[in-house]
Amino acid sequence: MSVFVTVGSTSFDDLIQTVSSPEVLQLLADEGFKSIVLQIGKGNVIPKKSDVIEVEWFRYKDSISQDIRDSSFVIGHAGAGTILESLIEHKPFIAVLNEKLMNNHQTELAEQMAKDGYLAYCPCSNLLDTLKECLHSKSFAPFISEPNMFPAFLEDFMGFNT
């Protein structure tokens with residue numbers, strides 16, 4: 001079992017720092033995860049090796065689709081593309097809010113997707129507790145992707161269909 005973490009195309013050092021903390025790595029190891037793979041983008045935080053779980057990282061790839069497919073669980077920024085790709089692959093997903101972004105539209109998307117039961121979301125400060133809840137008791141609604149379903153959802157959500 002493995003966890004994939006992605007920050008998208010920018011940097012999100014708080015997320016990388018949080019998921020590579022000894023507490024989170026120990027929880028993952030205790031739950032049977034063997035590895036964590038982190039896509040760190042432009043960030044300055046470089047994950048350290050761990051004695052309890054294999055830690056790998058990279059900055060960018062042409063595509064993270066295979067990383068998502070190969071994972072058992074995904075933790076990432078709340079970007080629409082990352083959310084959609086993870087849900088299409090039926091991966092449990094925690095959207096971590098970057099509270100340092102101004103006018104963060106990602107928060108609204110994550111809140112709605114969580115309300116619909118597809119994922120969990122939290123700020124970095126609550127990631128450990130959210131992860132515990134997801135691993136122990138939370139189940140997600142299956143995401144059924146039909147052509148144009150997600151774009152239509154986004155258009156409705158953003159108020160473009162009036």
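Applying the salt bridge (charged side-chain N to carboxylate O under 4.0 Å, His left out) test to residues at least two apart or on different chains, the pairs with a partner in residues 9-27 are Asp14-Lys100. Note on residues 62-88: pairs passing salt bridge (charged side-chain N to carboxylate O under 4.0 Å, His left out), not counting sequence neighbours, are Lys61-Asp67, Arg69-Glu89. Listed by first and then second residue, the side chain to side chain donor-acceptor pair (under 3.5 Å) pairs that reach into residues 120-131 come to none, sequence neighbours excluded. Listed by first and then second residue, the salt bridge (charged side-chain N to carboxylate O under 4.0 Å, His left out) pairs involving residues 45-55 amount to none (not counting sequence neighbours).
No side-chain heavy atom of Ile53 sits under 4.5 Å from any side-chain heavy atom of Val3. Contact of the Cys134 side chain with the Ile94 side chain is registered, since non-hydrogen atoms from C-beta on lie closer than 4.5 Å. Within the 4.5 Å cutoff, no side-chain heavy atoms of Trp57 are placed close to those of Val37.
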Check step by step if side-chain contact (heavy atoms from CB on, under 4.5 Å) holds for Ser71 and Lys91.
CA-CA 8 Å; Ser71 69; Lys91 301 299 178 176; 4.2 Å; yes

Stepwise side-chain contact (heavy atoms from CB on, under 4.5 Å) check, Met1 with Leu28
CA-CA 10 Å; Met1 290 195 338; Leu28 294 173; over 6 Å; no

Test Phe33 against Ser72 for side-chain contact (heavy atoms from CB on, under 4.5 Å), laying out the working first.
CA-CA 9 Å; Phe33 290 93; Ser72 308; 4.0 Å; yes

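Distance check: Asn98 CG to Ser11 OG gives 8.0 Å after rounding to the nearest 0.5 Å. Rounding to the nearest 0.5 Å gives a distance of 10.5 Å between CD of Glu56 and CD1 of Ile36. A distance of 11.0 Å separates CG of Leu97 from CD of Glu108, quoted to the nearest 0.5 Å. Atom-to-atom distance recorded for Phe143:CZ and Leu84:CG is 5.5 Å, nearest 0.5 angstrom. Rounding to the nearest 0.5 Å places CD of Gln26 at 7.5 Å from OG of Ser50. Here the CG-CG distance, from Asp30 to Leu135, works out to 10.5 Å after rounding to the nearest 0.5 Å.
Closest approach of Phe93 to Leu119, counting heavy atoms only: O-CB, 3.3 Å. Residue Pro123 comes nearest to Val96 through the heavy atom pair C-CG1, 4.1 Å, listed as atom of the first residue, atom of the second, then distance. Counting all heavy atoms, side chain and backbone alike, Ala29 lies closest to Val52 at CB-O, 3.4 Å. The two residues Val7 and His77 have their closest heavy-atom pair at C-CD2, 3.5 Å. When every heavy atom of Leu127 is checked against every heavy atom of Leu15, the shortest pair comes out as CD2-CD1, 4.1 Å. For Val74 against Ile68, the heavy-atom pair with the smallest separation is CG2-CG2, 4.3 Å.
Panel note: side chain Arg59, backbone Ile40; no donor-acceptor pair is recorded below 3.5 Å.
For Tyr118 and Phe140, the distance between ring centers is not under 6.0 angstrom.
For Thr6, the side-chain hydrogen bond (donor to acceptor under 3.5 Å, both in side chains) test picks out Gln39, with sequence neighbours left out. Residues forming a side-chain hydrogen bond (donor to acceptor under 3.5 Å, both in side chains) with Glu31 (at least two apart in sequence, or on another chain): His136.
Residue Ile88 is not grouped with residue Phe73 when hydrophobic side chains (ILVMFWY) are merged at heavy-atom distances under 4.5 angstrom, including chains of intermediate members. Note on Tyr60: it does not cluster hydrophobically with Val19, by side-chain heavy-atom contacts below 4.5 Å among ILVMFWY residues. Leu38 and Leu27 fall within a single hydrophobic cluster, where Ile, Leu, Val, Met, Phe, Trp and Tyr are joined by side-chain heavy atoms under 4.5 Å apart, directly or via other members.
Using cut-offs of 30° and 60° on the angle between ring planes, the pair Phe58 and Phe4 is parallel.
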